[in-house]
Amino acid sequence: MSFLRKPSVIFAGIGAVGLVAASQYYKREPAQRGTLGLTPLPKDTSVVFVLGGPGAGKGTQCSNIVKDYGFVHLSAGDLLREERQRKGSPYGELINNYIKEGQIVPMEITISLLHAAMKANGGNRFLVDGFPRAIDQGQKFEEEVVKAKMVLYYECPEEEMLKRLMRRGETSGRVDDNIESIKKRFVTFRDTSYPVIEMYKDKVEKVSCMNTVEGVYNETKKIFDKHFPTK
């Protein structure tokens, strides 16, 4: 089943590069491996999964990592929201319903969008923000795309995340930034994402979010200096 067709033009430099690649269909090249038929990425590709509950501040920290360590930031949630809004998308309504209910979008769609964005960018260091949200997503991504080098997990109490999300909801306009959707997202995160952290326990690096943005990033930098030392 084909999810994406190749865009005639790839624009660069507009927000996270993945949003641009995901805003149009991407036609897969002939299948070489796996059930999704996604073509392999370069062997030197490094992927870091960035996990944390909704409102943990993953996006803010990823922006800093991009500047200092040469990574490309791909937000799984932003890719899905962009595809949902893309005119003519056959998945727009389906994605919208899943997001409103705080549920996980079928992994085939998310993985195909991530793969498209990575291929379009051509880089070799990627932060995959907000993914995987379930064990089977991580397993499928590593089978079809590339194995993760590290899992960065931002720990944050639900009470703190709720306060942050309610503040964000005042201006974000996001369909899932309301109290009902937020609570559903917390349940989904507890039920599906905690097992992911356990599955990747040998690759997980944890950072507490109960600090200033600068304080959280200082701890994040220590981890990246260890795993990805600058030359």
Side-chain angles (χ1 to χ4, degrees), residues 1-8 10-11 14-29 31 34-39 47 49-55 58-59 73-121 126-145 165 168-169 172-196:
M1 182 176 180
S2 179
F3 286 104
L4 306 169
R5 70 170 180 265
K6 189 174 184 178
S8 56
I10 296 291
F11 298 93
I14 306 176
V17 67
L19 300 183
V20 181
S23 66
Q24 301 185 49
Y25 275 174
Y26 178 96
K27 183 179 178 181
R28 298 176 315 206
E29 298 170 38
T35 57
L36 297 182
L38 304 177
T39 55
V47 166
F49 291 149
V50 184
L51 300 177
K58 301 183 296 296
H73 176 207
L74 301 177
S75 165
D78 285 349
L79 286 169
L80 290 167
R81 281 184 285 274
E82 193 77 3
E83 177 64 16
R84 178 191 65 187
Q85 295 168 1
R86 187 181 64 79
K87 186 176 181 180
S89 169
Y91 311 109
E93 184 176 355
L94 179 148
I95 292 171
N96 190 58
N97 288 338
Y98 273 91
I99 290 177
K100 281 178 62 178
E101 292 301 316
Q103 298 300 310
I104 298 175
V105 173
M107 64 181 174
E108 292 84 359
I109 295 175
T110 308
I111 291 171
S112 293
L113 291 172
L114 286 167
H115 178 266
M118 295 168 77
K119 292 284 282 187
N121 175 262
F126 296 94
L127 299 171
V128 181
D129 170 5
F131 181 94
R133 293 185 61 199
I135 288 175
D136 58 351
Q137 283 190 344
Q139 292 172 332
K140 193 66 173 174
F141 181 93
E142 293 197 319
E143 173 191 332
E144 298 275 354
V145 184
L165 289 169
R168 187 177 75 181
S172 71
R174 283 178 45 167
V175 69
D176 56 344
D177 275 349
N178 61 77
I179 189 67
E180 183 178 350
S181 291
I182 289 169
K183 288 182 176 179
K184 290 178 180 177
R185 290 160 67 193
F186 284 163
V187 171
T188 300
F189 184 77
R190 287 196 301 268
D191 291 348
T192 62
S193 295
Y194 285 152
V196 171

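Under a 3.5 Å cut-off, the side chain of Lys58 and the backbone N or O of Gly52 do form a donor-acceptor pair.
In this structure Gln139 satisfies the side-chain hydrogen bond (donor to acceptor under 3.5 Å, both in side chains) test with no other residue, sequence neighbours excluded. Remark: Thr188 pairs with Gln103, Ile104, Arg133, Thr192 by the side-chain contact (heavy atoms from CB on, under 4.5 Å) rule, at least two apart or across chains. Glu180 is linked by a side-chain contact (heavy atoms from CB on, under 4.5 Å) to Asn178, Lys184, counting only residues two or more places apart in sequence or in another chain. Listed by chain and number, the residues in a ring-ring contact (aromatic ring centres under 6.0 Å, His included) with Tyr98 amount to none (sequence neighbours excluded).
How far CG of Asp78 is from CG of Asp129: 7.5 Å, rounded to the nearest 0.5 Å. Rounding to the nearest 0.5 angstrom, the gap separating the CZ atom in Phe141 from the CG atom in Leu38 is 9.5 Å. Separating the CD atom in Glu144 from the CG atom in Leu114 is a distance of 12.5 Å, to the nearest 0.5 Å. Separation of atoms NZ (Lys119) and OG1 (Thr39) is listed at 3.0 Å; rounding is to 0.5 Å. Interatomic distance, CG of Asp136 versus CD of Glu143, reported as 11.0 Å (0.5 Å rounding).
Among Ile99, Ile95, Asn96, the single residue meeting the side-chain contact (heavy atoms from CB on, under 4.5 Å) criterion with Arg81 is Ile99.
The closest side-chain heavy-atom distance from Leu165 to Pro54 is below 4.5 Å. Taking the side chain as every heavy atom from C-beta outward, Leu80 and Ser75 never approach each other to under 4.5 Å. For the pair Ile109 and Leu94, the minimum side-chain heavy-atom distance is below 4.5 Å. Put simply, the side chain of Val145 does not reach to within 4.5 Å of the side chain of Val47, judged on heavy atoms. Within the 4.5 Å cutoff, side-chain heavy atoms of Arg190 are placed close to those of Val187. The side-chain heavy atoms of Tyr91 and Val105, taken from C-beta on, include no pair separated by under 4.5 Å.
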* **Verdict with supporting geometry, Leu79 and Thr110, side-chain contact (heavy atoms from CB on, under 4.5 Å)** => CA-CA 8 Å; Leu79 286 169; Thr110 308; over 6 Å; no
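When every heavy atom of Phe131 is checked against every heavy atom of Ile111, the shortest pair comes out as CZ-CG1, 3.8 Å. Shown here for Gly130 and Ala76, the closest heavy-atom pair between the two residues is O-CB, 4.1 Å. Closest approach of Ser89 and Glu83 over heavy atoms only: OG-OE2, 2.8 Å. Looking at every heavy atom in both residues, Ala117 comes nearest to Leu74 through CB-CD2, 3.8 Å. Contact between Gly138 and Pro132 at its shortest, heavy atoms only, is N-CB, 3.3 Å.
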